[in-house]
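As structure tokens, the structure follows; a few thoughts come after it.
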Amino acid sequence: MRLLVVEDEMAMAESLRAGLEAEGFAVDVAGDGEEALWYAAEVDYDAIILDLMLPKVNGFVVCRTLRERENWVPVLMLTAKDGHLDEAEGLDTGADDYLTKPFSFVVLLARLRALLRRRGRERPTVLRAGPLGLDPARREVHHGDEPVALTAKEFAVLEYLMRRAGDVVPKPDILANVWDFNFDGDPNIVEVYIRSLRRKIDERFDRTFIETVRGAGYRLIVATEGDEATTGAGIEPGTGSRS
Ligand code: CA
């Protein structure tokens, strides 16, 4: 899950980034409205956290511009101001939710997850590959009934592979979706996470889920012979599995 945080107060922006990254999100930060619109045009974000009072282009205008460009990314708007007028105006410009500063990070996270879930209503809520199931909203992975404990980044890599199960996923795609623009380390970091996922899943359950396609990338194997028919489709339709 990749997020854009638009906030001109650097201390606030960095604390949001740190908190969200600890939750496993990949986070880009834009310091003004112009930069926000540039990022949003370049990257397909899962959600945008948008401060209202921004240099150059304010949050209302950013939001309205996104919608005019038919960009329907969920937007959670932040403001230091208080009052019904602001809220109404924010929602009128196409924001999905609204949070008044100061807010607690826990509340922000809950609102954000609700936004991501709401948008995800028509998507599968549990991603599946044979006996392996990953629930993005609950941040859980199971093999059959056995829970698999993953770090936030391992989870993000696996989620991305599972969303594209059956496809060959190039390493740069994983890097771009799980890390962020500021990542300037070794791209081979992806291999490190693939190795640890293999240790925790493939080796533990004695089955190859993550296949290396030489020179091309990685492929998550959807199902092999012997899987139950119901687990072989790659994706389980959402609604029934959340009850
Ligand atoms: Ca501000």
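Every number for a ligand or one of its atoms is a count from 1 in the order of the listing.
The atom of D51 nearest to the Ca ion (ligand 1) is OD2, with the search restricted to N, O or S atoms. In D8, the N, O or S atom that comes nearest to the Ca ion (ligand 1) is OD1.
Using a cut-off of 4.0 Å between Lys/Arg side-chain N and Asp/Glu carboxylate O, E191 and K171 are scored as salt-bridged. Contact check on R64 versus E68 returns no salt bridge, with no Lys/Arg side-chain nitrogen under 4.0 Å from an Asp/Glu carboxylate oxygen.
Within the 3.0 Å limit, M12 places no N, O or S atom next to the Ca ion (ligand 1).
Residues M12 and K101 have side chains in contact (heavy-atom distance under 4.5 Å, counting atoms from C-beta outward).
No side-chain donor-acceptor contact under 3.5 Å links R198 to the backbone of E203.
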